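Only a predicted model underlies this, so the values are computations on that prediction, with no experimental measurement involved.
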Amino acid sequence: MKILVAGGAGYVGSVLIPRLISRGYNVDVIDLFWFGNHLPKEAKIIRKDIFELKVEDLKKYEQVIFLAGLSNDPMAEYSPAKNFIFNAAAPAFLAYISKRAGAKRFIYASSCSVYGYTVNELYDETKPASSSYPYGISKLQGERAVLQMIDDKFSVIALRKGTVGGYSPRMRFDLVVNTMFKFAVTEKTITVNNPSIWRPILGIQDAATAYIRAIEAHNDISGIFNIASGNYTVGEIGDIVRDAVREYLNINVKLKVKHITDYRNYKVDIEKAEKVLSFHPEDDIKSMVKDLVDNIDKFKDFDNPDYYNIKVFKKIEEKGKGKSK
């Protein structure tokens, strides 16, 4: 099978692509490579904007995966306009031309952020999605757009992923587990801004597995699937990261607990993904920390701006403004 992965050079893609190749898939990656290229040489690289693609470019692909777009709240808040273009319009356009080109399936990287703020209830895919901030709204718009294109010959699967954590060759330290790990190692202190807030957390290997299960699902399967390794309060995440760093690195870490209001609070039910996609997570917070510890020599410079999406995005935006003057 020949697969096109849009945004495949990012944090998740850099783990997913090698696993797809190891399963015998022929994989092309279209990306602007804002964060560099950490992909295996077997992956064909297409350095191009998604909006430059034409129907003819996609005729050779059986499946198309959308991992592109802006990936977190700080980027969305910094440029709401780009956020809605990249997270809503881009997947809609790519799904549209993929369908016209004859692709059989489109897989969209959605987010549990679409749920916004929920009150102590486990949300499945039938619960209302009511995000009120740019990132969550844009992911929901992209999701709704691509799902409209489902028919007997075109499957669409949207994976509402929890916050991802763990090691990737394209490393990030702007995600809750990874961020806590960084400060535990560098400052021996973990700051918990609100211990009562719930988050669905997703190990990066589990994230890659979810995409593989979606790719290999029966052609008749379409729809929305919550994807997480588990639900945790932020306070519990802090406790587990602290204890794991002590166990694996012999560093005594302190917790600094605050009670700052947060506009995101949600925990999700993954039963549908388990029953329909046969997605069975194997990661937990401790295994994510172990993954980071095992690869710590590969990212010793925790302050490298390439590890923080908002820093890279601001640099690109400022450079673009300079050229337009």
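The structure places CZ of F66 at 7.0 Å from CG of L94, a figure rounded to the nearest 0.5 Å. With rounding to the nearest 0.5 angstrom, the CD atom of E56 is 9.0 Å from the CD1 atom of I97. Taking CD of Q63 as the start and OG of S98 as the end, the distance is 11.0 Å to the nearest 0.5 Å.
The minimum heavy-atom distance between Y11 and N178, with the atom names listed, is OH-ND2, 3.1 Å. What you find for I221 and F225 is that their closest heavy atoms are CG2-CZ, 4.0 Å. The heavy-atom pair separating E77 from P134 by the smallest distance is OE2-CD, 3.5 Å. What you find for G136 and V114 is that their closest heavy atoms are O-CG1, 3.8 Å. The heavy-atom pair separating S113 from Y266 by the smallest distance is OG-OH, 3.4 Å. Heavy atoms only, all atoms of each residue included: A68 and N87 are closest at O-OD1, 4.5 Å.
For the pair V241/I285, a side-chain contact is recorded, criterion being any heavy-atom separation below 4.5 Å from C-beta on. V27 has its side chain within reach of V5: a pair of non-hydrogen atoms, C-beta onward, lies under 4.5 Å apart. Looking at L159 and S110, their side chains never come closer than 4.5 Å, going by heavy atoms from C-beta outward.
Side-chain contact annotation: S155 with N219, donor-acceptor N/O pair under 3.5 Å absent. A side-chain N or O of R19 and one of T209 form a donor-acceptor pair less than 3.5 Å apart. Between the side chains of Y211 and K161, a donor-acceptor pair is found at a separation under 3.5 Å. Using modelled atom types and a 3.5 Å distance limit, the side chains of S229 and D283 yield no donor-acceptor pair.
Ring geometry, Y307 versus F173: the interplanar angle exceeds 60°, so the pair is classed perpendicular (tilted spans 30 to 60°). Y123 and Y115 have perpendicular rings, their planes meeting at more than 60° on a 0 to 90° scale where under 30° would count as parallel.
Hydrophobic clustering of Ile, Leu, Val, Met, Phe, Trp and Tyr side chains at less than 4.5 Å, counting indirect connections, keeps L147 apart from F84. Both L292 and V253 are part of a single hydrophobic cluster, where members link through side-chain heavy atoms under 4.5 Å apart. Taking hydrophobic clusters as Ile, Leu, Val, Met, Phe, Trp and Tyr residues chained together by side-chain heavy-atom distances below 4.5 Å, I237 shares a cluster with I190. By the criterion of side-chain heavy atoms lying less than 4.5 angstrom apart, applied directly or through intervening Ile, Leu, Val, Met, Phe, Trp or Tyr residues, M288 is grouped together with V234 in one hydrophobic cluster.
With salt bridges taken as basic N to acidic carboxylate O contacts below 4.0 Å, none links D124 and K127. Between K311 and D303 there is no salt bridge, since none of the side-chain N atoms of the basic residue sits less than 4.0 Å from a carboxylate O of the acidic one. Salt-bridge formation is detected for the pair K82/E317: a Lys NZ or Arg NE/NH1/NH2 atom is positioned less than 4.0 Å from an Asp or Glu carboxylate oxygen. Between D57 and K54 no salt bridge is recorded (no basic side-chain N to carboxylate O distance below 4.0 Å). Contact check on D151 versus K153 returns no salt bridge, with no Lys/Arg side-chain nitrogen under 4.0 Å from an Asp/Glu carboxylate oxygen. A salt bridge is defined here as a Lys NZ or Arg NE, NH1 or NH2 lying under 4.0 Å from an Asp or Glu carboxylate O, and E318 with K314 fails to meet this definition. With respect to the salt-bridge test (charged N to carboxylate O, under 4.0 angstrom), the residues D306 and R170 do not qualify.
Judged by a 6.0 Å distance limit and a 45° cone about the ring axis, R264 is not positioned over the six-membered ring of Y117. Under a cutoff of 6.0 Å and an axis angle of 45°, K99 and F106 do not form a cation-pi pair. At least one test fails for K182 against the ring of F302: distance under 6.0 Å to the centre or angle within 45° of the axis.
For residues 210-232, every residue pair satisfying the salt bridge (Lys or Arg N to Asp or Glu O under 4.0 Å) rule, not counting sequence neighbours, is listed here: R23-E216.
Side-chain N or O atoms of K272 include one that pairs as donor or acceptor with a backbone N or O of I224 at under 3.5 Å. Using modelled atom types, no side-chain atom of S111 and backbone atom of R160 make a donor-acceptor pair closer than 3.5 Å. No donor-acceptor pair closer than 3.5 Å links the side chain of N231 to the backbone N or O of I201.
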All N/O donor-acceptor pairs, side-chain side in residues 36-48, below 3.5 Å, sequence neighbours left out:
unit_1, atom_1, unit_2, atom_2, d
N37, OD1, L39, N, 3.0
H38, ND1, P169, O, 3.4
H38, NE2, F35, O, 3.3

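Aromatic ring centroids of F313 and W34 lie under 6.0 Å apart.
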Full working for salt bridge (charged side-chain N to carboxylate O under 4.0 Å, His left out) between K286 and D291: CA-CA 9 Å; K286 188 174 182 180; D291 190 25; over 6 Å; no
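Each of E62, K60, K2 was evaluated against N26; a single residue qualifies, K2, per the side-chain hydrogen bond (donor to acceptor under 3.5 Å, both in side chains) test.
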